[in-house]
Amino acid sequence: MPSEDLRIPTFGLENAAVVNKPRPAAYAVIIDNQGRIAAVKGKSHYFLPGGGSLAEETPEQTAMREVREELACELRIISQIGKAVQFFQADGQNYRMEAVFFEGELIGVISETAEYELCWLDVGQIEEGFIINVRSGR
């Protein structure tokens, strides 16, 4: 099922022949005082801190929990800045992820044990570091 709001960017391609499992998610866009963007490093690319929502979790709660888990930091949400839909396959399952993006700031370290190292990317590094495949204006 295509995104109902045509202004919401869509990543990946929807395959009408398969059932896509809904996957709500939330991500934080954090910019430091030097204009760099916070990221976590995966196997071969960088990602925004964030991820899938737990049952009954709001997007705000998801973003804050994911930042705590991934970066061992507290997140203060400033505002919602957008939404996107992504179609992908993982572990033999097809997903339709509906993600909410928040502008936020790190307000403190809660532990030295984080899932990922916090990486700060300059704006020029984003296109080469992140996987970008946007389809819009359908």
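Along the sequence shown, residues are numbered consecutively beginning with 1.
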Heavy-atom pair of closest approach, residues Cys73 and Val67: O-CG1, 3.4 Å
Connected via hydrophobic side-chain network under 4.5 Å: Trp120 and Leu71: yes
Asp122: partners by salt bridge (charged side-chain N to carboxylate O under 4.0 Å, His left out), with sequence neighbours left out: none
Anything under 3.5 Å between a donor and an acceptor, one on a side chain of residues 47-63, the other on a protein residue two or more places apart or in another chain? List them.
| unit_1 | atom_1 | unit_2 | atom_2 | d |
| --- | --- | --- | --- | --- |
| Ser53 | OG | Thr62 | OG1 | 2.8 |
| Glu57 | OE1 | Leu54 | N | 2.9 |
| Glu57 | OE1 | Thr62 | OG1 | 2.8 |
| Glu57 | OE1 | Arg65 | NE | 3.4 |
| Glu57 | OE1 | Arg65 | NH2 | 3.0 |
| Glu57 | OE2 | Arg65 | NE | 2.8 |
| Thr58 | OG1 | Gln61 | N | 3.1 |
| Thr58 | OG1 | Gln61 | OE1 | 3.3 |
| Gln61 | OE1 | Thr58 | N | 2.9 |
| Thr62 | OG1 | Thr58 | O | 3.1 |

Salt bridge (charged side-chain N to carboxylate O under 4.0 Å, His left out) partners for Glu70, two or more places apart: none
Interatomic distance, Glu115 atom CD to Glu66 atom CD [nearest 0.5 angstrom]: 7.5 Å
Counterpart residues, ring pair (Phe, Tyr, Trp, His ring centres under 6.0 Å), relative to Phe102 (two or more places apart): none
Value rounded to 0.5 Å, distance of CD1 in Ile31 from CG in Leu106: 12.0 Å
Pairs where residues 18-41 contributes a residue and the test ring-ring contact (aromatic ring centres under 6.0 Å, His included) is met, not counting sequence neighbours: Tyr27-Phe101
Ser79: side-chain contact (heavy atoms from CB on, under 4.5 Å) partners, not counting sequence neighbours: Ile81, Glu103
Results of side-chain hydrogen bond (donor to acceptor under 3.5 Å, both in side chains) for Glu105 - residues two or more places apart only: Arg76
Set of residues satisfying side-chain contact (heavy atoms from CB on, under 4.5 Å) with respect to Val18, sequence neighbours excluded: Asn15, Asn20, Asn94
Pairwise distance CD(Gln86) to CE(Met97) - rounded to 0.5 angstrom: 4.0 Å
Of all pairs that satisfy ring-ring contact (aromatic ring centres under 6.0 Å, His included), the ones with a partner from residues 64-83, not counting sequence neighbours: none
Audit row: Glu74, Arg68, side chain to side chain contact (heavy atoms under 4.5 Å, CB included) steps and yes/no: CA-CA 6 Å; Glu74 288 294 338; Arg68 275 193 308 273; 3.3 Å; yes
Listed partners of Phe88 passing ring pair (Phe, Tyr, Trp, His ring centres under 6.0 Å), at least two apart: Tyr95
Side chains of residues 36-43: which donor-acceptor pairs under 3.5 Å do they make with residues two or more places apart or in other chains?
| unit_1 | atom_1 | unit_2 | atom_2 | d |
| --- | --- | --- | --- | --- |
| Arg36 | NE | Asp32 | OD2 | 2.7 |
| Arg36 | NH2 | Asp32 | OD2 | 2.6 |

Residues forming a side-chain contact (heavy atoms from CB on, under 4.5 Å) with Ala114, sequence neighbours excluded: Ala72
